[in-house]
Amino acid sequence: MNELLAGLLEAGRLIVTFDADLIEISLRSLQVTLTAVAVASAIGLPLGCWLAVRRFRFRRFVIATMNALMGLPPVVVGLIVYLLLSRAGPFGVFGLLFTPTAMITAQVIILTPLIASIAHQAIRELWAQYHDLLISMNTTRWQRIATLLWDGRRALLTASLAGFGRGIGEVGAIMIVGGNIDNATRVLTTAISLETGKGNFSLALALGFVLIGLAVVVNLLIHTLSRTEVSGRW
Amino acid sequence: MVTSILPLSVKDAVVRRRGKTLLGPVTTTVSDTGLSIVMGPNGAGKTTLLRLLHGMERVSGGGSLKWQIPEEDARALQAFVFQAPIMMRRTALDNVAYPLMTHGVSKKEARVRAAEWLERVGLADSAQKQATVLSGGERQKLALARALIRKPEILFLDEPCANLDGRATREFETLLMQAFKDGTRVVMSTHDIGQARRLAEDVWFIHHGHILEQTPAEEFFASPTTSEARAFLKGDIVE
Ligand SMILES: Nc1ncnc2c1ncn2[C@@H]1O[C@H](COP(=O)(O)OP(=O)(O)O)[C@@H](O)[C@H]1O
Ligand SMILES: [Mg+2]
């Protein structure tokens, strides 16, 4: 109980004093995860939509694979990306290991199936609803996809936000491929892990509260922006 | 109004699904004017017949559907109102404007014309509401406006009033009659005998996937020729 309170106070102190380290690792957390979410959304949202609308032979197989990949253990992804990027690995020449780019890569792999899967689910429901109407109105395939993406944008936003939630709190993969290097690849989650290991519970907790606060703020911000934009709800 | 796509000739059309025959074989002609009411008990095949005519069901068994112009072009001159109106997640105005926007009309122009249609069906005040918050009666009127906005030559309606109360039904019928008077060919299904009496010029009585009678309304209601239709009109349960 004491430690929780101390953590809360410490979090407050770090924030009001604009602690330089805190700001740096928070921004890095945001940078890594927001970039990963953007890339994963750019792949996952159209993929999910496409899987909902198109019938093809291996569709079920692709969907099953995607759903299975959604449960990928981050440490395993981290390990694989590590091996691919390490000096001896196939992409070793790029020297990406222990850089934010490596962390983003690992997170893209973790987040894409999740975002695609949620998008697929949402668009499939919408398509079931719209199917007869859009067929009856003689729309082209591209018009149908555009209509589903537009009318389903709220649900797609939710898919991306779910990706953000998973990414910002993820530690296993980015620890392995990022290395938690001070001033280079340290982010909130890896810092928490480090401070906990050192027994600095109040600092670790403070970082934890900042992490939670950040996740809440980003969610609220995006929801608010989307609400003012569409000016209606359903 | 002289239509370009009618009459439609249907020859030996069969609709099957998973090996089960849902409808047909149907052989008939849809003349170029009139207001036809498709009647029959639940499960008779009314919905399937309308969807078949509208080109939404695959014709199996070597049958055919022949419009006066190529099928693809004929498609653009038809519209369908579903039993449960499908409301897009947009404003009422944009729902009505949608068919225009997907057929080459600019957004601005489409909205102007959609607003006129909303006015006509008495929904002008709801233009900026999300369509999904409208009541059942309002939704069906919206669906009608959306169906009519591209001036289809033929309009199919599948039990559009099945879920409406008396007042909403009356309003809907008034709007439908107006569209009919303006020259739209109407084919509508219902299992409400009162509604059929009010609207029908001719009646297609359908049972177990077959059209048993296709007769002028007066004749049908005065002296149906099949025992199934007689039983149905008497209000007996038709199996
Ligand atoms: N998707 C479907 N799959 C299998 N059978 C269906 C399907 N839709 C309708 N049917 C069957 O086809 C028959 C005709 O249905 P329908 O045209 O909906 O009748 P109605 O509209 O007159 O109530 C019914 O026996 C119904 O059970
Ligand atoms: Mg039906």
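Naming convention: chains lettered A, B, ... in sequence-line order (proteins, then strands); numbering from 1 in each chain.
- Other residues, nucleotides and ligands contribute more than 12 heavy atoms inside 6.0 Å of the CZ atom of A/Phe56.
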query: Between B/Phe82 and A/Ser136, does a side-chain contact (heavy atoms from CB on, under 4.5 Å) hold up when you go through it step by step?
result: CA-CA 10 Å; B/Phe82 298 91; A/Ser136 161; 4.0 Å; yes
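- Heavy-atom neighbours of A/Phe91 CZ from other residues, nucleotides or ligands within 6.0 Å: at or below the threshold of 12.
- Below 4.5 Å, heavy atoms of chain B meet heavy atoms from A/Leu126, A/Gln129, all part of residues 118-129 of chain A.
- Neither the backbone nor the side chain of A/Thr140 comes within contact range of chain B; no heavy atoms are under 4.5 Å apart.
- Between A/Trp150 and B/Arg89 there is no side-chain heavy-atom pair separated by less than 4.5 Å.
- For residues 91-117 of chain B, heavy-atom neighbours of chain A at less than 4.5 Å comprise B/Tyr98, B/Pro99, B/Thr102, B/His103, sorted by residue number.
- Proximity to chain A is absent for every atom of B/Gln128, based on heavy atoms less than 4.5 angstrom apart.
- Most heavy-atom pairs under 4.5 Å with chain A, from the set B/Glu72, B/Arg51, B/Arg150: that is B/Arg51.
- Both the backbone and the side chain of B/Met88 come within less than 4.5 Å of a heavy atom in chain A.
- When heavy atoms are compared at a cutoff of 4.5 Å, B/Phe80 approaches chain A by way of both its backbone and its side chain.
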query: Given A/Leu133 and B/Arg146, is the side-chain contact (heavy atoms from CB on, under 4.5 Å) satisfied, shown in steps?
result: CA-CA 11 Å; A/Leu133 182 70; B/Arg146 187 174 58 190; 3.5 Å; yes
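- In plain terms, the two heavy atoms of A/Ile135 and B/Arg75 that are nearest each other are O-NH2, 3.4 Å.
- A/Tyr130 approaches B/Met87 most closely through the heavy-atom pair CE1-O, 4.0 Å.
- Residue-environment remark: CZ (B/Phe172) exceeds the threshold of 12 foreign heavy atoms within 6.0 Å.
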